[in-house]
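Every value quoted in this text rests on a predicted model; they were computed, and no experiment measured them.
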Amino acid sequence: MSHNYATPMTPERRLARLLARIPEDRIVRLERVAGAPGTPRWRAAIGDAGAADCPAGRWSPPFDTMVDALEAAWKAVRPPADPSRGA
């Protein structure tokens with residue numbers, strides 16, 4: 001009988017994983033925006049390495065969770081995958 005020792009990816013773990021992947025020299029901005037009444041939405045932007053701020057065009061679309069917004073912003077600016085690492 002096999003066992004699955006994987007732990008679920010909670011929002012907290014997703015956030016920690018994303019923050020560990022974003023280099024320290026990047027500016028990260030998070031903003032809560034109005035959604036439907038009583039349901040705030042989030043958007044995020046990540047600036048270039050060494051930049052003083054995030055360009056206005058870098059903001060993600062609004063998401064229901066902060067983690068989803070940050071993940072979308074990181075996917076838009078992260079460096080391409082290293083092809084030598086394989087799939």
Side-chain angles (χ1 to χ4, degrees):
M1 179 169 150
S2 66
H3 295 281
N4 183 355
Y5 292 104
T7 55
M9 188 60 76
T10 64
E12 293 82 10
R13 290 191 64 200
R14 282 182 64 203
L15 180 60
R17 182 176 172 215
L18 275 167
L19 291 175
R21 290 180 174 190
I22 299 171
E24 291 183 19
D25 62 350
R26 300 285 186 113
I27 298 292
V28 176
R29 300 276 187 239
L30 293 166
E31 184 176 277
R32 189 168 34 188
V33 295
T39 57
R41 297 188 51 127
W42 296 89
R43 67 183 193 147
I46 299 176
D48 293 325
D53 204 359
C54 300
R58 290 267 177 90
W59 285 96
S60 71
F63 286 89
D64 291 335
T65 67
M66 180 176 51
V67 176
D68 289 337
L70 185 58
E71 187 171 38
W74 176 238
K75 284 181 179 179
V77 300
R78 71 180 175 198
D82 183 1
S84 65
R85 291 181 61 189

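- Remark: of the listed residues Arg17, Arg14, Arg21, Arg43, Arg14 is the sole one forming a salt bridge (charged side-chain N to carboxylate O under 4.0 Å, His left out) with Glu71.
- Remark: Arg78 engages no residue in a side chain to side chain donor-acceptor pair (under 3.5 Å) (not counting sequence neighbours).
- The nearest pair of heavy atoms linking Pro62 to Arg41 is O-NH2, 2.5 Å.
- Between the Arg32 side chain and the Pro40 main chain, no donor and acceptor come within less than 3.5 Å of each other.
- For Arg13, there are no salt bridge (charged side-chain N to carboxylate O under 4.0 Å, His left out) partners two or more places apart in sequence or in a different chain.
- Counting all heavy atoms, side chain and backbone alike, Val67 lies closest to Pro11 at CG2-O, 3.6 Å.
- Take Ile22 and apply the side-chain contact (heavy atoms from CB on, under 4.5 Å) test, not counting sequence neighbours, and it matches Arg26, Val28, Ile46, Leu70, Trp74.
- One hydrophobic cluster, built from ILVMFWY side chains closer than 4.5 Å, holds both Met66 and Leu19.
- Here the closest heavy-atom approach between residue Ala73 and residue Ala44 is recorded as CB-O, 3.6 Å.
- In this structure, the side chains of Trp59 and Glu31 come closer than 4.5 Å at one or more pairs of heavy atoms.
- When every heavy atom of Val33 is checked against every heavy atom of Trp42, the shortest pair comes out as CG2-N, 4.4 Å.
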